[in-house]
Enquirer: 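Got a structure here, written out as structure tokens. Questions coming.
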Amino acid sequence: MTAAMTNPAPLVDQFKRHITYLRLSVTDRCDLRCAYCMPERMTFLPRKDVLSLEELHKMALGFIARGITKIRLTGGEPLVRRDMLELVRALGRKIGDGLEELTMTTNATRLSEFADDLAQAGIRRINVSLDTLDRDTFSQLARRDSLPQVLEGLKAAKEAGIAVKLNTVALKGINEAEIPDLVGWAHGQGFDATLIEVMPLGDVEEDRFDHYLPLSAVRDRLEERWDLRESDHRTGGPARYVDIAQTGGRLGFITPLTNNFCDGCNRIRVTATGRLYACLGGDEQVDLRAAMRSADPDDALNAALDQAMRIKPERHHFAIDKPGGAPALSRHMSMTGG
Ligand code: SAM
Ligand code: SF4
């Protein structure tokens with residue numbers, strides 16, 4: 001029996017939020033080492049613990065059967081996983097058959113190689129993380145000199161007809177002064193842009209408080225240059241948007257620390273080892289790998305998803321309120337994806 005036949009109930013949590021959006025991390029590995037995300041000597045998961053292509057595919061189908069209509073593939077860096085394209089193609093075949101949208105978040109270092117194939121498999125939009133257009137700053141921040149490849153990747157995505165949204169983490173004293181130029185550049189390229197406050201996930205080598213930059217300060221700086229008008233645009237995600245008259249573009253703000261965005265949450269996250277986190281900012285979790293490897297995977301997966309709906313918290317527990325504070329959560333963003 002298929003998962004759909006045994007339990008087609010939609011995913012609704014105890015706060016009556018309908019969960020329709022899955023962010024699926026396909027690897028915790030990455031070819032960059034962004035300083036706010038992971039240490040230089042990051043310990044990655046043993047490969048045997050990571051879900052196989054077949055398991056990821058089967059699990060995703062189980063989610064779609066329960067009403068997930070949007071899947072974002074993330075990581076780590078999804079494009080460093082060798083069989084990634086196979087998974088994208090397999091899930092792409094579900095678009096229009098339960099799945100409304102398949103997207104990806106990538107650092108774009110390998111995008112020039114994959115953009116055409118991703119577009120052909122049905123990916124229409126991607127998020128690309130880019131914090132600076134300055135090569136030296138990029139090298140320092142990502143600890144790799146990869147800005148040229150990223151820019152090539154962006155060009156290839158554009159040529160392949162994939163809509164791009166740039167995600168930029170705002171960092172005090174690092175890209176702070178450059179943000180208006182970066183937003184202007186993104187809009188000039190026809191890309192949307194979103195700014196993100198740094199979040200306290202996992203130990204890195206420095207104190208995040210040193211670089212924490214509230215987006216209210218960034219907004220003030222942007223308003224010196226442009227007119228920002230509140231926009232009704234919503235993606236079901238945490239971003240709040242403004243339209244910028246002068247650039248003709250849209251800019252999102254994700255402010256987990258100065259603003260709570262949990263009321264309308266429609267999402268859950270699964271790590272590359274099949275651990276479902278009910279909230280990016282909480283520790284509530286369910287082991288889907290055990291379910292997938294049990295005697296009756298369909299029933300076990302459905303039971304695990306029901307359990308996830310029971311434990312999804314009302315709101316996240318982030319705070320960067322004092323210098324030297326321990327991370328709110330010990331896991332890194334590269335585990336659960338952004
Ligand atoms: N490697 C891909 C990339 O960078 O786009 C996908 C995974 S990455 C973990 C997803 C997003 O998380 C990126 O936009 C990155 O900037 C963001 N991110 C990582 N660590 C973060 C942190 N501590 N606070 C805020 N955003 C973070
Ligand atoms: Fe890699 Fe993305 Fe983390 Fe940067 S933010 S280290 S690109 S996973």
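Note: hydrogens, waters and symmetry copies are ignored here, and every other heavy atom, side chains too, is used. Heads up: numbering here begins at 1 and tracks the sequence. This is a predicted model, so every value here is computed, not measured. Read the numbers this way: they start at 1 and go in the same order the structure lists the ligands and their atoms.
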Enquirer: Going by distance only, is there an N or O of Glu77 that falls short of 3.5 Å from an N or O of ligand 1?
Expert: yes
Enquirer: Which atoms of ligand 1 sit under 4.0 Å from any heavy atom of Glu197?
Expert: 25 (C)
Enquirer: Using 4.0 Å as the upper bound for N to carboxylate O, is an ion pair formed by Asp31 and Arg144?
Expert: no
Enquirer: Measure from atom 4 (Fe) of ligand 2 to each N, O or S atom of Cys34 and report whether any distance is below 2.8 Å.
Expert: yes
Enquirer: So, Glu178 versus Thr137: side-chain donor-acceptor pair below 3.5 Å or not?
Expert: no
Enquirer: Counting heavy atoms only, which of Thr105, Asn107, Thr106 comes nearest to atom 7 (S) of ligand 2?
Expert: Asn107
Enquirer: Examine all N, O or S atoms of Cys37, backbone included, and report whether one is under 2.8 Å from atom 3 (Fe) of ligand 2.
Expert: yes
Enquirer: Less than 4.0 Å between a side-chain N and a carboxylate O, is that true for Glu54 and Lys58?
Expert: no
Enquirer: Could you tell me whether some N/O pair between Thr105 and ligand 1 is separated by less than 3.5 angstrom?
Expert: no
Enquirer: Ligand 1 and Tyr36, any nitrogen or oxygen pair closer than 3.5 angstrom?
Expert: yes
Enquirer: Counting only N and O atoms by type, is there a donor-acceptor contact under 3.5 Å from the side chain of Arg72 to the main-chain atoms of Met104?
Expert: yes
Enquirer: Between Leu154 and Val164, does a side-chain contact (heavy atoms from CB on, under 4.5 Å) hold up when you go through it step by step?
Expert: CA-CA 8 Å; Leu154 284 168; Val164 173; 3.8 Å; yes
Enquirer: With a 4.0 Å cut-off on heavy atoms, does Gly76 reach ligand 1?
Expert: yes
Enquirer: So if I count the atoms of ligand 1 from 1 in the order they appear, which ones are less than 4.0 Å from some heavy atom of Val198?
Expert: 24 (N), 25 (C)
Enquirer: Give the numbers and elements of all ligand 1 atoms closer than 4.0 Å to a heavy atom of Thr106.
Expert: 2 (C), 3 (C), 5 (O)
Enquirer: Counting only heavy atoms from other residues, nucleotides and ligands, does the tally under 6.0 Å from NZ of Lys155 exceed 12?
Expert: no
Enquirer: Which of the atoms of ligand 1 are close to Thr74, meaning less than 4.0 Å from one of its heavy atoms?
Expert: 6 (C), 7 (C)
Enquirer: Could you list the atoms of ligand 1 found under 4.0 angstrom from a heavy atom of Cys37?
Expert: 19 (C), 20 (N)
Enquirer: Under a 4.0 Å threshold between the charged nitrogen and the carboxylate oxygen, would Arg225 count as salt-bridged to Asp181?
Expert: yes
Enquirer: With a cut-off of 4.0 Å, which atoms of ligand 1 are near a heavy atom of Val169?
Expert: 16 (O), 26 (N)
Enquirer: Between Asp192 and Arg250, is the closest basic N to carboxylate O distance under 4.0 Å?
Expert: yes
Enquirer: Is it the case that one hydrophobic cluster holds both Ile95 and Leu56, taking links as side-chain heavy atoms less than 4.5 Å apart, direct or via other members?
Expert: yes
